[in-house]
**Student:** 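Quick one: this structure, given as structure tokens, is what I'll be asking you about.
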Protein chains: 2
Amino acid sequence: MRTEESVTNTISFLLSKLGQLANARFADRLAQLGIRPRHCAVLELLTGPPKAQLELATTIGVTPSVVVDMLDELEQIDAIRRVRDRADRRRQLIELTPAGHQLRRRALALARETDDSLLDGLDTAQAAALRTGLQRMADSTIRK
Amino acid sequence: MRTEESVTNTISFLLSKLGQLANARFADRLAQLGIRPRHCAVLELLTGPPKAQLELATTIGVTPSVVVDMLDELEQIDAIRRVRDRADRRRQLIELTPAGHQLRRRALALARETDDSLLDGLDTAQAAALRTGLQRMADSTIRK
């Protein structure tokens with residue numbers, strides 16, 4: 001039987017199962033920082049210059065109300081602050097606080113720990129090929 | 001900046017996002033068959049000889065009550081039937097019906113379609129390396 005002759009060996013099924021596992025393991029680690037995996041995309045986007053809520057929502061691909069919830073949660077732990085746009089005082093922008101920058105670095109360290117735990121059965125070349133494949137797939141689907 | 005210097009580029013984060021996408025795309029396709037992705041693991045396990053509910057639950061890694069729910073759903077669409085174990089008449093076993101075997105083949109075809117849609121941005125060697133990496137990861141985590 002060829003390996004792909006079983007639904008459970010298709011890339012779709014494996015991705016789904018391993019995605020659930022990766023998310024659960026990462027979420028377990030992130031709990032100590034008081035955030036969930038979905039907050040990480042916001043933290044990443046805010047490492048650069050301040051951004052408007054709508055820009056964050058559009059880039060992440062969620063509704064503005066979801067971003068507002070996430071920003072409220074990040075504001076409660078002093079990771080972000082809402083500031084006035086200097087070019088247009090009516091406009092509100094979001095920026096990371098110093099604590100937010102530190103939170104992002106700690107989240108990245110925990111994501112790498114999670115990666116290491118998942119990659120335990122792969123050698124270096126296999127891990128690199130897997131990373132490349134996943135990034136290409138993300139570029140041609142999620143990020144396109 | 002190295003690619004792994006962003007949480008959103010870690011294998012954990014990519015797996016989580018692409019897993020959600022793969023599951024959603026596969027579920028969309030499977031809807032026409034009246035089943036969800038989780039039913040596929042049951043269908044796969046039942047391609048061989050009849051099995052007990054507890055054996056199915058243990059192999060898939062879910063509680064017996066979850067397996068009972070899935071079997072009830074599969075029974076409603078005539079994909080499985082409950083039969084008496086010939087070696088031990090008190091024991092009930094589960095087997096695929098001819099319609100169940102056909103359902104499994106159709107689900108596999110839809111999983112392959114989903115794979116093709118996800119692999120659009122990868123060449124043949126990259127797709128093969130990705131498959132190998134995912135299978136190894138599954139073997140060392142989920143299936144161990």
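Chain letters run A, B, ... following the sequence lines, proteins first, then strands; residues in each count from 1.
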**Student:** Heavy atoms only: give me the nearest B/F13-A/C40 pair and the separation to one decimal.
**Tutor:** CE1-CB, 4.0 Å
**Student:** In terms of hydrophobic clustering (I, L, V, M, F, W, Y; side-chain heavy atoms under 4.5 Å; direct or indirect links), are B/L43 and B/L30 co-clustered?
**Tutor:** yes
**Student:** Please determine whether residues A/L93 and A/V42 belong to a single hydrophobic cluster, defined as Ile, Leu, Val, Met, Phe, Trp and Tyr linked transitively by side-chain heavy-atom distances below 4.5 Å.
**Tutor:** no
**Student:** Just verifying a value: how many Å separate B/T141 OG1 and A/L18 CG, rounded to the nearest 0.5 Å?
**Tutor:** 5.0 Å
**Student:** Which atoms of B/A109 are under 4.5 Å from chain A, going by heavy atoms: the side chain, the backbone, both sets, or neither?
**Tutor:** neither
**Student:** Is it the case that one hydrophobic cluster holds both A/I35 and A/L108, taking links as side-chain heavy atoms less than 4.5 Å apart, direct or via other members?
**Tutor:** yes
**Student:** Check each atom of A/A125 against the heavy atoms of chain B and say whether the ones under 4.5 Å are side chain, backbone, both or neither.
**Tutor:** neither
**Student:** For chain A, which candidate among B/T8, B/D115, B/D120, B/L15 shows the most heavy-atom pairs at distances under 4.5 Å?
**Tutor:** B/D115
**Student:** Got a second to check how far B/Q135's CD is from A/L122's CG, nearest 0.5 Å?
**Tutor:** 11.0 Å
**Student:** Looking only at heavy atoms, what is the nearest atom pair of A/R131 and B/T10, with distance?
**Tutor:** NH1-CA, 4.3 Å
**Student:** Identify which part of B/L134 has an atom lying under 4.5 Å from any heavy atom of chain A, answering side chain, backbone, both or neither.
**Tutor:** both
**Student:** Checking the side chain of B/E44 only, and the main-chain atoms of A/V7 only, is there a donor and an acceptor separated by less than 3.5 Å?
**Tutor:** yes
**Student:** I need the minimum non-hydrogen distance between B/S12 and A/A111, along with the two atoms involved.
**Tutor:** OG-O, 3.6 Å
**Student:** In terms of heavy-atom contacts, does CZ of A/R38 have more than 12 from other residues, nucleotides or ligands at under 6.0 Å?
**Tutor:** yes
**Student:** Is A/L46 reachable from A/V83 through a run of I, L, V, M, F, W or Y residues, each pair having side-chain heavy atoms under 4.5 Å apart?
**Tutor:** no
**Student:** Within this structure, what is the CD1-CG distance for the pair A/I11 and B/L119, rounded to the nearest 0.5 Å?
**Tutor:** 4.0 Å
**Student:** Step by step, would you call B/E5 with A/R105 a side-chain contact (heavy atoms from CB on, under 4.5 Å)?
**Tutor:** CA-CA 9 Å; B/E5 280 184 352; A/R105 284 191 296 273; over 6 Å; no
**Student:** Would you say B/V62 and B/V68 are hydrophobically clustered, going by side-chain heavy atoms of ILVMFWY under 4.5 Å?
**Tutor:** no
**Student:** Minimum heavy-atom separation for A/S16 and B/N23, please, with both atom names.
**Tutor:** OG-OD1, 3.1 Å
**Student:** Got a second to check how far A/M137's CE is from B/L118's CG, nearest 0.5 Å?
**Tutor:** 5.0 Å
**Student:** For A/R136, I'd like to know if atom CZ has over 12 heavy atoms of other residues, nucleotides or ligands within 6.0 Å.
**Tutor:** no
